[in-house]
Amino acid sequence: MAVTGVPSVPREVLFSHVDRLVNSHVLKGSESLCKLLRYLAERSIDHPGETIKEYQIATEVFGRPGDFDPRLDATVRVQTGRLRAKLAEYYALEGTEDGMILDIPKGAYSLSIHARPAIEAGPPAAPPAPALESAPGPAPAAPAKSPGMALIVLSITCLGLLAALIYAVTQRSRTQVAAPASAAPAAVQAFWHGFVDKPEDPLVVFSNAEFVGRPETGMRYFDPSRDSRNAILDHYTGVGEVLGIHELDRVFTSLQHGIRVKRGRLLSLDDAQNNDLVFVGSPSENLTLRELPTTQDFVFRLADSGPRKGDLEIVNLSPRAGEEKTFIGSKTVPIAEDYALIGLV
């Protein structure tokens, strides 16, 4: 791994500087980014000139399993881009007097070390936020009801939506454009302030249910009683989830904040411990929701009677006067009416 600008940097000097970065206002509390920075610093000293693979970082830093596929999981690319931006922000703000500058060259997973020039015209401007993954489409289905307020995990559960390619969600990148604070209505700012008052972008977790078959020949849900797990095709998610993530991206942009997008099947304990989470999709497909406390007033169940027996519906456990007991999307093709459940926990 190349060390440029400084002929020889003793280990203790480098790691003293890394400690200063880790405890700075810019990086303090970002456990995953600090872990990545220390890893890159160690490799720069112990294995100079070595090319680090994305797979190495995924498995050794972020705890990804041995079957990690960078084509399906962009964690390393996203986190490296975020760390690169955070380093530039630090040297533009808190680290203007530091004699050493660390950066990550674009297109590489390596740490470069430079000596700050003795005379500078002035501190560089803070860089724009790194590219964020987002999804195209119009607004999501209207919510049915919202229970009590708190500020950690939001679950948005959507019902009865067709499967669609998620490629556009995870592959399209854009540069966040700052919007004036007035762009977001006061109610929107109040609802989301627990997510945007922190420097870290929340993770938007979408479902990707297990299917078997192929799009060109027909697909159905995976049945463990008759299907091999080797036949699973898990590249699809609901149309409503794609539209919902697009709307979330628009809202967070109006709040001058970003979001990161991740498949539910790839969510890790580290992700849950170190990030605010926005779940999109019903617990019938976004299976992680089954392991988390969600709402107590509304639940998803299969209808046990009537003409829609066996279909998924939202059940109002404690209906008040004039409230419906169940909510279920229309059976028409295309869907004419559908429902969503929003819970803030």
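As the structure is a computational prediction, the values presented were derived from the model and not from experiment.
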(message) What's the separation between atom CG in D223 and atom OG in S228, rounded to the nearest 0.5 Å?
(response) 12.5 Å
(message) Using 0.5 Å steps for rounding, measure from the CG atom of L266 to the CG atom of D271.
(response) 9.0 Å
(request) Sequence neighbours left out, what passes side chain to side chain donor-acceptor pair (under 3.5 Å) with R229? Give chain and number order. (result) E210
(message) Keeping S24 on the side-chain end and L21 on the backbone end, is there a donor-acceptor pair under 3.5 Å?
(response) yes
(request) Measure up the F195 and F252 rings against each other and bin them: parallel (under 30°), tilted (30 to 60°), perpendicular (over 60°). (result) perpendicular
(request) Not counting sequence neighbours, which residues clear salt bridge (charged side-chain N to carboxylate O under 4.0 Å, His left out) with D67? List them please. (result) none
(message) Restricting to salt bridge (charged side-chain N to carboxylate O under 4.0 Å, His left out), what partner residues turn up for E54, sequence neighbours left out?
(response) R77
(message) Rounded at 0.5 Å granularity, tell me how far CG in L87 sits from CG in L111.
(response) 7.5 Å
(message) Test of understanding: with salt bridge (charged side-chain N to carboxylate O under 4.0 Å, His left out), list the residues that count as partners of D19, not counting sequence neighbours.
(response) R38
(request) Using a strict cut-off of less than 4.0 Å between a Lys/Arg side-chain nitrogen and an Asp/Glu carboxylate oxygen, indicate whether R263 and D73 qualify as a salt bridge. (result) no
(message) Between D249 and V204, is there a side-chain heavy-atom distance shorter than 4.5 Å?
(response) no
(message) Can you confirm whether E12 is buried at CD, in the sense that more than 12 heavy atoms of other residues, nucleotides or ligands lie under 6.0 Å from that atom?
(response) yes
(request) Spell out, as yes or no, whether a donor-acceptor pair under 3.5 Å connects the side chain of H257 to the backbone of D197. (result) no
(message) The criterion is side-chain contact (heavy atoms from CB on, under 4.5 Å); which residues satisfy it with R301, sequence neighbours excluded?
(response) V299, V315, L317
(message) Within this structure, what is the CZ-CG distance for the pair F279 and L203, rounded to the nearest 0.5 Å?
(response) 9.0 Å
(request) Over 60° means perpendicular and under 30° means parallel, so classify the ring planes of Y90 and H17, tilted if in between. (result) perpendicular
(request) Look at the side chain of N316 and the backbone N and O of E324, then say whether any donor-acceptor pair between them is shorter than 3.5 Å. (result) yes
(message) Can a donor-acceptor pair be found, under 3.5 Å and without considering hydrogens, that links the side chain of Y109 to the backbone of I104?
(response) no
(message) Is it the case that the side chain of E241 and the backbone of S207 share a donor-acceptor pair, with hydrogens and angles ignored and the cut-off at 3.5 Å?
(response) yes
(message) Test of understanding: with side-chain contact (heavy atoms from CB on, under 4.5 Å), list the residues that count as partners of L14, not counting sequence neighbours.
(response) V9, V18, A41, S44, I45, M100, L102, I113
(request) Only counting residues at least two apart or in another chain, list the ones meeting side chain to side chain donor-acceptor pair (under 3.5 Å) with T80. (result) none
(message) Going by salt bridge (charged side-chain N to carboxylate O under 4.0 Å, His left out), name the residues that satisfy it together with R20, two or more places apart in sequence or in a different chain.
(response) none
(message) Tell me if a side-chain donor or acceptor on S318 pairs with a main-chain N or O of D297 at a distance below 3.5 Å.
(response) no
(message) According to side chain to side chain donor-acceptor pair (under 3.5 Å), who are the partners of S32, at least two apart in sequence or on a separate chain?
(response) Q79
(message) Do I342 and L344 have side chains that approach each other closer than 4.5 Å (heavy atoms only, starting at C-beta)?
(response) no
(message) Could you go through K331 and D311, starting from their C-alpha distance and side-chain angles, then the distance that decides it, and tell me whether this counts as side chain to side chain contact (heavy atoms under 4.5 Å, CB included)?
(response) CA-CA 10 Å; K331 204 170 184 178; D311 288 349; 4.2 Å; yes
(message) Which residues pass the side-chain contact (heavy atoms from CB on, under 4.5 Å) test with V212, not counting sequence neighbours?
(response) R220, F222, D227, A231
(request) Apply side-chain contact (heavy atoms from CB on, under 4.5 Å) to K35 and list each qualifying residue two or more places apart in sequence or on a separate chain. (result) V61
(request) Look at the side chain of R43 and the backbone N and O of E50, then say whether any donor-acceptor pair between them is shorter than 3.5 Å. (result) no
(request) Find the distance between OH (Y221) and CE (M219) and round it off to the nearest 0.5 Å. (result) 9.5 Å
(message) If the condition is side chain to side chain donor-acceptor pair (under 3.5 Å), which residues does E60 pass it with, not counting sequence neighbours?
(response) Y39
(message) Could you measure the distance from the NZ atom of K28 to the CG atom of L33? Nearest 0.5 Å is fine.
(response) 15.5 Å
